[in-house]
Amino acid sequence: MGGFARKEYEFLSELGLGPRNPGCFVNGAWSGSGPVVASLNPTNNQVIAEVIEASIDDYEEGLRACADAAKIWMQIPAPKRGEIVRQIGEALRTKLQYLGRLVSLEMGKILPEGIGEVQEIIDMCDYAVGLSRQLNGSIIPSERPNHMMLEVWNPLGVVGVITAFNFPCAVLGWNACIALVCGNCVVWKGAPTTPLITIAMTEIVAQVLEKNNLPAAIFTSFCGGAEIGEAIARDTRIPLVSFTGSSKVGLLVQQNVHKRYGKCLLELSGNNAIIVMDDADIQLAVRSVLFAAVGTAGQRCTTCRRLLLHESVYQTFVEQLIEVYKQVKIGDPLEKGTLLGPLHTPTSKENFVKGIEVIKSQGGKILFGGSGIDSEGNFVQPTIVEIAPSAQVVKEELFGPVLYVMKFQTLNEAIEINNSVPQGLSSSIFTRKPEIIFKWIGPHGSDCGIVNINIPTNGAEIGGAFGGEKATGGGREAGSDSWKQYMRRATCTINYGSELPLAQGINFG
Ligand code: NAD
């Protein structure tokens, strides 16, 4: 299409984007009758392109078509649905570099992470293709003669997916790849500040559906904010809403979904700790903490926010960490060698600056960084803070590269601190001792959904179930048996005899 304000944005035409883009994909056509919003580049806060968001009328039209398409899609055999998801994976492979670049440009994460995010959806597609032949039920022995019990898995219909800005397309992949092979249509609302990614991703899926002469409404998507999100949460045509975002909004979504007896899959805030024991490989741990605390500018749900150091390694560890922090190159996320890009929005930067003031007022001592960086973009310094685990601010998720360092004496004390926050997403311990490892993963260990050993808190593989406990929401997505949440379990008892024996030996006349 061309006509972008800056030449470096012209690659976006390879993804079907122009300077102004309709942001609703409704029944096979791009439209939009809501407000026009600008997508900004976090590196300089200049406009990349404009998007016309969805209105409630657009939403209604889209959902009608999507609910109709669900009747067709669920009848297509699961392995055939898998073939469609395979083709989506192939289409993504051809656009990997462009889409990765867009993720980096619009969200602000460094290019290797932007490309990695798209690779994650490709991996999810591969995973889902295999899964499409393994949506197995089971046969259960019946206590009654000439009876048999079966468990059969059926599609739900429409799955709603609401996603956060920090993983603007991978999280769609975790949900949509599985939901589609399970026989569900998908209605997606991406984050309001990453609309170009929502459109580009949708266009890739749409082209595959069109090539296969399938109803385009199988995949329906909207750019927009809370209003569209709320409409999804309240919509009785959507049996499952998968929500990724803050714990505050997640709770609201859960209440709205539960009010209508819908199902909810929540992936909410994290407040993740790394514990370094006295026998740890310090070099390995320092590198891990750097990636976990500074990667994605501290804007991952799995970012390490709390570093718990055994008193015997405290001093050397902090010194080594400060040395590697000094070497972190801050700059344009698209430039080679940059490790720390900008925060996503000017508001994120303001929250960082305010957060540092609160930290100081609660006794936090800044060991490194601690300031915003004067520039037209949303850059801040990677920050290390020494603070007591009891400080209130430590219990909250400050969404930026701020690492709280704390000292402990015993394993029990470290586990207690790990578990002392409202969130329960990810955690990791560095040790070589089997007795520590097995305590850590057992009932008296970490209370999180992700319990790692000798690796960072972030960077999960798709093969495992991803998610966390407590204020993180309890959901599990991606691998393992997460697919079961996207289906409806039917327990069937078949009587193939001519008697009517009752369960529990009941004799009814
Ligand atoms: P957010 O809660 O502000 O927004 C998330 C999504 O909810 C957006 O699409 C937003 O438009 C939508 N929304 C806002 N109000 C709504 C409402 N009333 N009803 C329905 N939808 C509504 O979160 P964010 O700032 O985009 O993302 C950062 C947060 O997401 C962090 O807390 C992070 O930890 C969390 N997160 C969690 C995971 C996970 O897997 N656990 C993954 C990524 C991000």
Side-chain angles (χ1 to χ4, degrees), residues 23 34 37 42 53-54 56 59 106-109 113 117 120 160-175 187-195 197-198 221-235 238 241-259 262 264-272 295-305 343-345 347-348 351-352 396-400 421-426 448-450 457-460 462 464-478 482:
V37 295
E53 289 189 333
I56 283 295
Y59 174 81
E106 193 177 39
M107 186 276 159
K109 60 179 71 177
E113 290 184 317
E117 175 160 357
E120 197 166 342
V161 183
I162 302 173
T163 55
F165 78 83
N166 63 334
F167 278 92
C169 58
V171 172
L172 181 265
W174 298 349
N175 286 284
V187 51
W188 177 32
K189 189 199 85 63
T193 49
T194 54
I197 298 164
T198 305
S221 88
F222 302 104
C223 293
E227 192 189 24
I228 301 296
E230 261 196 61
I232 291 174
R234 292 181 192 278
D235 199 323
I238 305 178
V241 176
S242 174
F243 175 87
T244 303
S246 57
S247 295
K248 191 170 148 229
V249 178
L251 186 60
L252 214 84
V253 168
Q254 185 180 44
Q255 285 163 351
N256 281 331
V257 174
H258 283 179
K259 259 188 229 158
C264 222
L265 214 171
L266 298 177
E267 295 286 354
L268 313 178
S269 318
N271 189 351
N272 318 295
T296 328
Q299 299 169 109
R300 285 192 188 213
C301 50
T302 50
T303 290
C304 173
R305 308 199 178 277
L343 293 181
H344 184 51
T345 61
T347 309
S348 320
N351 290 342
F352 170 91
E396 293 152 16
E397 183 193 49
L398 176 57
F399 221 51
V421 294
Q423 310 82 351
L425 181 54
S426 185
C448 294
I450 296 167
T457 44
N458 53 342
I462 58 126
F466 181 88
E469 304 297 332
K470 304 191 292 184
T472 305
R476 291 297 186 277
E477 287 176 4
S482 307

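Not measured: the values here are computed from a predicted model. Each ligand, and each atom within it, is numbered from 1 in the order the structure gives.
- In this structure, atom 18 (N) of ligand 1 is in close contact with the protein, since a protein heavy atom lies within 4.0 Å of it.
- Looking only at atom types and distance, the side chain of Ser426 has no donor-acceptor partner in the side chain of Thr457 under 3.5 Å away.
- Once rounded to the nearest 0.5 Å, the distance linking OG of Ser221 with CG of Leu172 reads 8.0 Å.
- At a 3.5 angstrom cut-off on N or O pairs, Ala164 does not count as close to ligand 1.
- Between Arg300 and ligand 1, a contact under 3.5 Å exists for no N or O pair.
- Ligand 1 has no N or O atom lying under 3.5 Å from any N or O atom of Thr244, backbone or side chain.
- Checked by distance only, ligand 1 and Ser246 come closer than 3.5 Å through their nitrogen or oxygen atoms.
- Every residue two or more places apart in sequence or in another chain was checked for a salt bridge (charged side-chain N to carboxylate O under 4.0 Å, His left out) with Glu227, and none qualifies.
- Heavy atoms of Val171 found under 4.0 angstrom from ligand 1: none, in either backbone or side chain.
- Heavy atoms of Ala233 stay at 4.0 angstrom or farther from ligand 1.
- Residue Thr472 has no N or O atom closer than 3.5 Å to an N or O atom of ligand 1.
- Residue contacts with ligand 1 include Ile162, since one of its heavy atoms falls under 4.0 Å from the ligand.
- Checked against salt bridge (charged side-chain N to carboxylate O under 4.0 Å, His left out), Glu469 has the following partners two or more places apart in sequence or in another chain: Arg476.
- Aromatic ring pairs are classed by plane angle as parallel below 30°, tilted from 30° to 60° and perpendicular above 60°; the pair Phe466 and Trp174 is tilted.
- Residue contacts with ligand 1 include Gly190, since one of its heavy atoms falls under 4.0 Å from the ligand.
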